[in-house]
Amino acid sequence: MKKIRVLIVDDSALIRQVLSAIVNAQSDMMVVATAAHPMMARDLMRTVEADVMTLDVEMPLMNGIDFLRRLMAARPMPVVMVSTLTAKGSDMTLQALELGAVDFICKPKFGLADGLQAYAEDICTKLRTAASARMPRRATSVATVGAVTGAPTAPTRLAFGPCGDRIIFVGSSTGGTEAVRELLSRMPADAPPIMIAQHMPENFTRSFAQRLDSMTHFSVCEAEDGQTARPGQVFIAPGHSHLLVQRRGNGWITRLSKAEPVNRHRPSVDVLFHSAAHVAGAAAIGIILTGMGKDGAAGMLAMRQAGAMTFAQDEQTCVVFGMPREAIAAGGVDEVVPLPSMADRVCARWHASRHGRS
């Protein structure tokens, strides 16, 4: 079996050593080279062929963001960023994901070598996923324009109109930060409240919410417990808690839970979707986007069985088709839709349901 070839770029000799040991211990992957800075990596890439690169965010001579920007313009390849669990690290990592990085790993705050060894399984899973991922489109899109200009994108010409007690639930993982941004950029500004579970750690979800708030026409925040959810608002599940919904009169409020991870995740898409099925029922709209694993599949089936409209991103526009594929296989999906058409189809189905059509 052909092994996945990994190029490690990090200014820390310890990180290079630990990552190399983790990768080389796997039967299906190998480190082909390591580099202490981007200039060395650039030279190595002339003679070394790699399937995936790990790239440190903060390095001397040239930081990881600048190198990634040049790499994606000249020679696009799957990249997994190596970041710190800090606000600065999360902001730079989100920039990297916008530029085309597939995923990221976080350095432990303490006990670096032991911490990375403890995350060995997760690291290797992300490298395998990245090596086989569909590279994101770098063509201009509604979302990309917003990212380049730094200004909120203009609301789409579509409109929901009066949506009563409707509420939208979205789940995503690998590739999801860009998919969510594109979905929101195309969704009407008068959309029902939107609750999102994206697999990300603490600090990262707050930075993610802030970036979405500045780049889309929605009011976006990291969810807190007990917030009233109104049309035009988006709530991102915080990296430390599950996000759930509770009915209050004809409206909705957010609930957070620090219960154990589900499918190894907290926040979990399944927890959000099961809450939607139980509390919102036919008033809910469920959307599952790109991501690895099966989180969300059981919850989306429960939503559909409760009468909700359910949608999955199609394989061609996913970075990783794992989560949508599992939801489809479980029988929880009404429609499989390309990401650029998702907002149109959700609006069309909503208007059709108001007039008794499917």
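Given the structure is predicted, the values throughout are model-derived calculations rather than measurements. Index from 1, following the sequence.
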Between [Y] and [X], is there a side-chain heavy-atom distance shorter than 4.5 Å?
{"X": "Arg349", "Y": "Asp334", "answer": "yes"}
{"X": "Phe204", "Y": "Cys106", "answer": "yes"}
{"X": "Val271", "Y": "Ser257", "answer": "no"}
{"X": "Asp11", "Y": "Glu58", "answer": "no"}
{"X": "Val319", "Y": "Arg134", "answer": "no"}
{"X": "Glu326", "Y": "Met300", "answer": "no"}
{"X": "Met200", "Y": "Ile236", "answer": "no"}
{"X": "Arg128", "Y": "Met292", "answer": "no"}

Between the side chains of [X] and [Y], does any donor sit under 3.5 Å from an acceptor?
{"X": "Thr290", "Y": "Gln313", "answer": "no"}
{"X": "Thr317", "Y": "Asp314", "answer": "yes"}
{"X": "Gln233", "Y": "Ser219", "answer": "no"}

Got a second to check how far [X]'s [atom1] is from [Y]'s [atom2], nearest 0.5 Å?
{"X": "Thr216", "Y": "Glu182", "atom1": "OG1", "atom2": "CD", "answer": "13.0 Å"}
{"X": "Leu212", "Y": "Thr177", "atom1": "CG", "atom2": "OG1", "answer": "8.5 Å"}
{"X": "Leu127", "Y": "Asp122", "atom1": "CG", "atom2": "CG", "answer": "9.5 Å"}
{"X": "Cys124", "Y": "Lys126", "atom1": "SG", "atom2": "NZ", "answer": "12.0 Å"}
{"X": "Arg5", "Y": "Asp51", "atom1": "CZ", "atom2": "CG", "answer": "4.0 Å"}
{"X": "Arg266", "Y": "Glu260", "atom1": "CZ", "atom2": "CD", "answer": "6.5 Å"}

If you take all heavy atoms of [X] and [Y], which pair is closest and at what distance?
{"X": "Ala120", "Y": "Ile22", "answer": "CB-CG2, 3.9 Å"}
{"X": "Phe218", "Y": "Leu184", "answer": "CE1-O, 3.2 Å"}
{"X": "Val180", "Y": "Gln198", "answer": "CG2-OE1, 4.4 Å"}
{"X": "His265", "Y": "Pro267", "answer": "CB-O, 3.5 Å"}
{"X": "Ile287", "Y": "Met187", "answer": "CD1-CE, 4.4 Å"}
{"X": "Ala130", "Y": "Pro78", "answer": "O-CB, 3.1 Å"}

Is a side-chain N or O of [X] found less than 3.5 angstrom from the main chain of [Y], in a donor-acceptor match?
{"X": "Ser20", "Y": "Arg16", "result": "yes"}
{"X": "Thr205", "Y": "Gly239", "result": "yes"}
{"X": "Asp56", "Y": "Val9", "result": "no"}
{"X": "Arg181", "Y": "Glu98", "result": "no"}
{"X": "Asp190", "Y": "Pro231", "result": "no"}
{"X": "Thr93", "Y": "Gly89", "result": "yes"}
{"X": "Asp165", "Y": "Asn250", "result": "no"}
{"X": "Thr254", "Y": "Gln227", "result": "yes"}
{"X": "Asp103", "Y": "Val80", "result": "no"}
{"X": "His242", "Y": "Ser268", "result": "yes"}

Are more than 12 heavy atoms, taken from residues, nucleotides or ligands other than [X], located less than 6.0 Å from that residue's [atom1] atom?
{"X": "His37", "atom1": "NE2", "result": "yes"}
{"X": "Arg247", "atom1": "CZ", "result": "yes"}
{"X": "Glu49", "atom1": "CD", "result": "no"}
{"X": "Arg206", "atom1": "CZ", "result": "no"}

Does [X] share a hydrophobic cluster with [Y], counting links as ILVMFWY side-chain heavy atoms below 4.5 Å and allowing steps through other members?
{"X": "Met40", "Y": "Val57", "result": "yes"}
{"X": "Met77", "Y": "Leu44", "result": "yes"}
{"X": "Leu272", "Y": "Leu301", "result": "no"}
{"X": "Val333", "Y": "Phe169", "result": "yes"}
{"X": "Met72", "Y": "Leu97", "result": "yes"}

- [ ] Evaluate the side-chain contact (heavy atoms from CB on, under 4.5 Å) criterion for residues Asp28 and Lys3: first the C-alpha distance (whole Å), next the side-chain angles of each, then the deciding distance (0.1 Å), finally the verdict.
- [x] CA-CA 5 Å; Asp28 61 337; Lys3 291 190 175 185; 5.6 Å; no
- [ ] Kindly determine whether Asp225 and Arg255 satisfy side-chain contact (heavy atoms from CB on, under 4.5 Å), including the steps that lead there.
- [x] CA-CA 5 Å; Asp225 191 64; Arg255 285 299 182 207; 3.0 Å; yes
Task: Ile15, Thr34, Val82 screened by side chain to side chain contact (heavy atoms under 4.5 Å, CB included) with Thr54, the one that passes - done: Val82
Task: Chi angles and distances behind the side-chain contact (heavy atoms from CB on, under 4.5 Å) call for Met59, Phe67 - done: CA-CA 10 Å; Met59 289 181 291; Phe67 181 61; 5.6 Å; no
Open item on the list: Please evaluate residues Ile105 and Tyr119 with respect to the criterion side-chain contact (heavy atoms from CB on, under 4.5 Å), reporting the C-alpha separation (whole Å), side-chain torsions for both, the decisive distance (0.1 Å), and the verdict.
Closed with: CA-CA 9 Å; Ile105 3 178; Tyr119 288 110; 5.9 Å; no
